[in-house]
Amino acid sequence: MLQALRSVRPFTHTRAAAFRPIRIAKMTISTNPPVKLNDPSLWITNPSFLDGQWTALPQHETFDITNPATGELIGKLPDMTVADTRDAIAAADKAFKTFSKTSPQQRANILENFYRLTLENKEDLATLITLENGKSKTDATVEAGFSAGFLQWNAGEALRLFGKVIPSAFPNTKSWTQIEPVGVVAALCPWNFPPGMVARKVAAALAVGCTSVIKVPAETPFSVLAFVELARRAGVPPGVIQIVTTDKHLVGIGEELCTNPLVKKVSFTGSTRIGKLLMQHASGTLKHLSMELGGNAPLIIFEDADIDIAVKGTLVAKFRCSGQTCVCANRIYVHESIYDKYSAALAAAVDKLVVGDGSQDGVNMGPLVHARAVEKCQSHVDDAVKRGAKILTKPRPKREGKLANGNFFDPVVLGDAPQDCLIADEETFGPVAALIKFKTEEEAIRLANNTDMGLAAYFYTKNQARTFRVADQLQAGMVGVNSTSISHPTMPFGGFKESGFGKEGGPDSILDYVQLKTVTVNIE
Ligand code: SIN
């Protein structure tokens, strides 16, 4: 590792001299994390990072971060302001002037270091993710590896980005294209995959020589700060990654990030409603945009599906991370001829899911992130039941002790959900599986596409012709056939329709962070 760090040291140190701290304060990193970490210095509570060092912001109000499994306070962070955001943007713009001139090899080295450090600290990252997001240890560990994957993928991408020589149409001239980083990137990141979503955006930005200002999710900041600390250790030069932690000033900060002329690109993951608002703000300065927005994924179980495989896939597509992913199946359409078999098998499998504090071994599903998420799930269940749906899963005992204060919502399978229930129309973002019967393939496709959203869609069939036919007709950016594993750093992730645009991950995602310049030279 030392060797790896040495390889980036000359670059980091000579460049560091060019970055002057904007705010000078004592460096104080708390060494008292509320959970056991292998490396307690990954617990960062002083999130100003303007000069590439963690510095305190003592004059700021703070906001609380709580453990969703118990309601207990995890820690407090400064509620940074619009003025702090402007400072962060200015520092990122200054850093861009030198970072954009680095070679692809230098950036690939940094990304590889960052990748290795993320893998080495995977357990600590997972512990922090579970502590503040609530997801199970297994889901959190997968996320830590997923975050590392974006660093590895983009380290490779950094080396394979080049323009073309174009045979000139004009006599005595030469023309070529060259690829240039777009500039300062504002990365507005959600709480459901805290380092995962930061990695998706920042790894691509680093690969091409962009600098970033990360709006850290208020609910889950500590795992993001730990990830940024790993970036610092990996040799990311001062100023290249900026962070803003906030709760109360979120709206003003979002607006600043989308209107400040120094920001050239906004990459947002979150709801369609907020995405539209940010686009309006960003239109004034015509920023490049990537919008990974809401989903309302259909999952179709055809009459020729392998039911065991379909049930296993449904557990992942619906209940992974307690149903809090944008690609979660929201509407499950089941052919009437296999409905009884599938619904009984799914309810039995869901009854076996262990719900509890995600940090405990054997727990499959943790709490939801907010109390209001619990209310939304309950309202979707109540609405469906009022319209005739039946709860197929068994009731579970009330939680006691510390967990009685957690944001838990026990997983539910709703049978015979009617087409006009709220869930058919609106993303639940929680562990509620609504089963709706259908009769024909044409009907299933029509129902699946009957939404403004188009992020993911899934179906199960053993019929090869149907596989191609249905995959072609589903209006979604990602389609899983007999599989719900549709998300990986090597695969383009992003939606159709009002689920947004721009792809994250995969071979073309890096192009969202660059611009193409055509140069024509008269050689007479
Ligand atoms: C999400 O963006 O919510 C889903 C992330 C993933 O599964 O990769």
Side-chain angles (χ1 to χ4, degrees), residues 118 125-126 129 132-136 138-154 187-204 214-215 217 219-220 223-224 227 267-275 278 290-299 313-330 365-366 368-370 373 376 426-431 453-458 476-480 483-506 509 512:
T118 301
L125 277 179
I129 294 169
E132 55 189 8
N133 168 285
K135 67 177 71 171
S136 71
T138 309
D139 283 342
T141 307
V142 169
E143 181 183 343
F146 176 73
S147 311
F150 284 101
L151 304 171
Q152 184 188 39
W153 174 259
N154 283 289
L188 292 103
C189 300
W191 49 261
N192 62 343
F193 287 82
M197 295 299 117
V198 169
R200 249 187 196 163
K201 299 174 194 310
V202 170
I214 304 169
K215 196 286 292 163
E219 298 82 352
T220 56
S223 53
V224 171
F227 191 57
S267 177
F268 172 66
T269 298
S271 72
T272 297
R273 186 177 68 81
I274 302 293
L278 296 178
S290 298
M291 292 278 154
E292 203 265 89
L293 308 178
N296 181 3
L299 165 59
T314 310
L315 287 181
V316 176
K318 180 67 253 184
F319 298 100
R320 174 172 70 105
C321 302
S322 307
Q324 300 179 111
T325 83
C326 329
V327 289
C328 268
N330 204 51
M365 241 189 68
L368 302 186
V369 76
H370 299 123
K376 184 169 190 191
E426 200 181 278
E427 197 177 16
T428 307
F429 229 65
M453 301 299 156
L455 190 57
Y458 310 91
M478 293 161 286
V479 176
S483 168
T484 48
S485 301
I486 56 165
S487 171
H488 190 270
T490 58
M491 287 148 63
F493 187 101
F496 284 7
K497 304 201 277 189
E498 292 196 18
S499 290
F501 49 82
K503 299 289 176 195
E504 296 191 302
S509 58
D512 281 352

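All figures in this text were calculated on a predicted structure; none of them were measured in a lab. Whatever order the structure lists ligands and atoms in, that order sets their numbers, starting from 1. We number each residue from 1, following the sequence as shown.
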* Mind telling me whether F193 and F146 have parallel, tilted or perpendicular rings, with 30° and 60° as the class edges? =>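 Aromatic pair F146/F193 classed tilted.
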* Asked: Okay, side chain of S483, backbone of S485: is any donor-acceptor separation there less than 3.5 Å?
  -> yes
* **Criterion side-chain hydrogen bond (donor to acceptor under 3.5 Å, both in side chains) against R200, the qualifying member of S290, S509, S487** => S487
* To do: Quick one, list the residues around ligand 1 where some non-hydrogen atom comes in under 4.0 Å, by chain and residue number.
  => F146, N192, F193, M197, R200, E292, R320, T325, C326, V327, S487, F493
* From L368 atom CG to K376 atom NZ, the distance as rounded to the nearest 0.5 Å -> 11.5 Å
* Just jot down the side chain to side chain contact (heavy atoms under 4.5 Å, CB included) partners of S136, sequence neighbours excluded, or say none. => T138, D139
* **Cation-pi, F268 ring and K201 (6.0 angstrom, 45 degrees)** => no
